[in-house]
Amino acid sequence: MNETKKTRKTGTEELPLMQKIVALCKRRGFVFQSSEIYGGLKSAYDYGPLGAELKRNIMAEWWRTMVHEREDVVGIDASIIMSPKVWEASGHVSGFADPLVDCLVCRARFRADKAPQVSPGETVEYRKEGKTIKGVAERGYVCPECGAVELSEERQFNLMFKTNLGPIDSDDNTVYLRPETAQAMFVNFLNVQQTYRLKPPFGIAQQGKSFRNEITVEHFIFRSCEFEQMEMEYFCPPEEAPQWLDYWKDERFDWYIRLGVKKENLRLRPHDPDELAHYADACYDIEYRYPWGWDELEGIANRTDYDLAQHQAASGKKLTYFDPQRVNPDTGKPGMHYLPYVVEPAAGATRAVLMFLVDAYEEEPPSEGRPDGRVVLRLHPRLAPIKVAVLPLVKKDEWLTGKSRELVKAFWRNSINAFYDEKDAIGRRYARQDEAGTPFCITVDAQTREDGTVTLRTRDDMQQERIPLEDAVDIINRKIRDS
RNA sequence: GCGGGAAUAGCUCAAUUGGCAGAGCAUUAGCCUUCCAAGCUAAGGGUCGCGGGUUCGACUCCCGUUUCCCGCUCCA
């Protein structure tokens, strides 16, 4: 050991985990602040080269397991802008526009419709600056925290993004950006069922962007106004809904485990009855232990027939499924129309990006040969932005660089995202890939010329083995597939 | 929306009382025939978040604003 060797001083050791991850995202090109050169835009983020790959891989993996590997689920890709009638029927137009009020005494913010009601004009007592004073409640309600009557104006918070369809701004062409992808699947329920000849239980899946004017945005990409969802609506006979809720909560939980998320950082939490959404009669949250604590990752809800019933009533179009084999209890004969119940696993894709990054992030202490330790993203190989880096041991040897570039192209031809790097010492190149989450590195060296083997180096244990160059694509392919 | 903190090179951070803007790492180009961030040489990179004000002079003081973080609040 050479004790004069300098230890890198990055200062990152003292930073909280979230700050380190945000810094890594910026430094390595996972996530940037939107419109950064103009000072940024609140709650908007751009995915850089590595982040775009990671997000695509997460979403592709979801699609593969939720749609391609099942007979009972099909996918759609609907328009983000839908008829405003959809959002009136779903309850989003009214439910998203709550009048909010700020208390001028204690600074609390509350919903006017949920505040303690009093008679308008009634004189009430409340505490202000340590003294009890009296005031006239002109509004018909008082502050739920301190009882004060000194209140701000009622302000409408339209949680849906509003825009105009057509070049002229006017009230009669107002449309909304969808606040969830789910409604497109309810509205298309019969289209999909009939054209694909599906019989309940079956599911319709969709991925895509949704938009909500969140009152508070927080925790980097965790809660932002523009976000991406991975939702599936599973239509089933009403009496089967509880069992499918049970099935999907386990299925979704296991999906994360299979992709390498640490079990101790995940939990399933059933909703209390009083926190259920208006459309749901049971719900589980899959929660993750983020750096700021347990918080939501995915919700699996029994939405009952609420949405189909709402759209059926509002549109006047029958949305029932006709089951010719089911015996109608009223007539005693086969053949029955019914509105299916819906079980919905609704995952946040952008939220999942953050979760996988947090879960994969690890700092290893300094060791012999690695005086600075290392930062490694232990991303599942299927999710890793770059699957394999190909490194000629020596840059100046054209035979090595030529062989390496050939191998990179062989990976590309097999749909494996490979990366070529000839810069700097080999250890530094390994370290760069560790930080990007690349699970495998292949190094071509002088021995390759003699016996046709290369070094396969694994990210997680840093072990090396010699493998035949000609088998490299097959071996990496198998490692990704079987992991 | 409220309260608190922050913003200086790509990253992490310095800059005395208001007096010519710096370091480490990173980047680029070389040297080194190199399996875990080695070493050496050189170079590029900044309207100090943005806009005003005070001042002979502002990264520094004041006001506004944007963004981020923490805590409330909110979360159909």
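The shown structure was predicted, so the numbers you read here are calculated from the model rather than taken from an experiment. So that the names make sense, note that chain A is the first sequence line, chain B the second, and so on, each numbered from 1.
Across B:rC68, B:rA76, B:rC75, the shortest atom-to-atom separation from the side chain of A:Pro179 is found for B:rA76. When distances are taken from the side chain of A:Ala425 to each of B:rC69, B:rC35, B:rA38, the shortest belongs to B:rA38. The side chain of A:Tyr45 has B:rC68 as its nearest neighbour among B:rA76, B:rC35, B:rC68. Between B:rC75, B:rC11, B:rA37, one nucleotide has an atom nearer to the side chain of A:Arg27 than all others, and that is B:rC11. Of the candidate nucleotides B:rU12, B:rA29, B:rU34, B:rA29 has the atom nearest to the side chain of A:Lys423. For A:Thr216, the side-chain atoms get nearest to B:rG1 when compared with the rest of B:rU34, B:rA37, B:rG1. Listed candidates were B:rU34, B:rU27, B:rC75. Nearest to the side chain of A:Arg432 is B:rU27. Residue A:Val394 has its side chain nearest to B:rU34 when only B:rA76, B:rU34, B:rU27 are considered.
Rounded to an integer number of Å, the gap from A:Gln33 CD to B:rG49 P is 15 Å. As a whole-Å value, the separation of A:Asp460 CG from B:rC36 P is 18 Å. One atom, CH2 of A:Trp292, and another, P of B:rC72, lie 14 Å apart when rounded to the nearest Å. Distance CG (A:Leu393) to P (B:rA38): 14 Å, rounded to an integer number of Å. Rounding to whole angstrom units, CG of residue A:Leu159 and C1' of B:rC75 are separated by 8 Å. In this structure, A:Phe32 atom CZ and B:rU67 atom P are separated by 20 Å, rounded to whole Å. For the pair A:Glu218 CD and B:rC69 P, the computed distance is 9 Å after rounding to whole Å. One interatomic measurement links the two molecules: CD of A:Gln229 to P of B:rA76, which rounds to 14 Å at whole-angstrom precision.
For the C1' atoms, the distance linking B:rC48 with B:rA6 amounts to 14 Å, nearest Å. Going from the P atom of B:rU47 to that of B:rU60 covers 16 Å, rounded to whole Å. Taking atom C1' on both B:rA14 and B:rC59, the two are 12 Å apart, rounded to the nearest angstrom. B:rG45 and B:rU27 have their C1' atoms separated by 9 Å, given to the nearest Å. For B:rU65 and B:rA7, the C1' atoms lie 13 Å apart once the distance is rounded to whole Å. B:rG52 and B:rA43 have their P atoms separated by 36 Å, given to the nearest Å. Atom P of B:rC69 sits at a distance of 16 Å from the matching atom of B:rC11, rounded to the whole Å. Nucleotides B:rC74 and B:rC61, compared at atom P, are 36 Å apart to the nearest Å.
In this structure, A:Asp397 reaches neither bases nor backbone, as no heavy-atom distance under 4.0 Å exists between it and the strands shown. Within 4.0 Å of A:Leu41, counting heavy atoms only, lie sugar-phosphate atoms of the nucleic acid but no base atom. Contacts of A:Phe220 with the nucleic acid, taken as non-hydrogen atoms under 4.0 Å apart, involve only primed sugar atoms and P, OP1 or OP2. If you check every strand for non-hydrogen atoms under 4.0 Å, A:Glu36 touches nothing. A:Ser43 comes within contact range of the sugar-phosphate backbone alone, with a heavy-atom separation under 4.0 Å but no base atom that close.
Annotation: A:Tyr45 is in aromatic contact with A:Phe220 [ring centroid separation under 6.0 Å]. For A:Tyr341 and A:Trp244, the ring centers sit 6.0 Å or farther from each other. Ring to ring, A:Phe222 and A:Tyr290 are close: their centroids are under 6.0 angstrom apart. Between A:Phe30 and A:Tyr47, the ring centre distance reaches or exceeds 6.0 Å.
For A:Arg28 and B:rU27, the shortest distance from a side-chain N or O to OP1 or OP2 is not below 4.0 Å. Side-chain N/O atoms of A:His219 include one lying less than 4.0 angstrom from OP1 or OP2 on B:rC70.
Aromatic ring pairs are classed by plane angle as parallel below 30°, tilted from 30° to 60° and perpendicular above 60°; the pair A:Tyr256 and A:Phe356 is tilted.
A salt bridge does not link A:Asp424 to A:Arg429: none of the charged side-chain nitrogens sits closer than 4.0 Å to a carboxylate oxygen.
Residue side chain A:Tyr430 reaches the base of B:rC35 through a donor-acceptor N/O pair under 3.5 Å, judged by distance alone. One can find a donor-acceptor pair under 3.5 Å joining the base of B:rC36 and the side-chain atoms of A:Arg457. You'll find a donor-acceptor pair under 3.5 Å spanning the side chain of A:Gln464 and the base of B:rC35, going by distance alone. One cannot find a donor-acceptor pair under 3.5 Å joining the base of B:rC35 and the side-chain atoms of A:Arg429.
Nucleotide B:rU55: unpaired (no Watson-Crick or G-U wobble partner with both distances less than 3.5 Å). For B:rG45, there is no paired base (Watson-Crick or G-U wobble, both distances below 3.5 Å). Across all strands shown, B:rG24 forms a Watson-Crick or G-U wobble pair with B:rC11, both key distances being under 3.5 Å. Nucleotide B:rG39 forms a Watson-Crick or G-U wobble pair with B:rC31, both donor-acceptor distances falling under 3.5 Å. Here B:rC68 sits opposite B:rG5 as a Watson-Crick or G-U wobble pair (both hydrogen-bonding atom distances under 3.5 Å).
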Verdict with reasoning, A:Glu296 to A:Arg351, per salt bridge (charged side-chain N to carboxylate O under 4.0 Å, His left out): CA-CA 9 Å; A:Glu296 189 187 2; A:Arg351 212 164 260 198; 3.8 Å; yes
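Under the 6.0 Å distance and 45° angle rule, A:Arg267 counts as a cation-pi partner of A:Trp294.
In this structure, CG on A:Asp421 lies 6.5 Å from CD on A:Gln433, to the nearest 0.5 angstrom.
Between A:Lys396 and A:Lys26, the one whose closest nucleotide on RNA chain B sits nearer the 5' end is A:Lys26.
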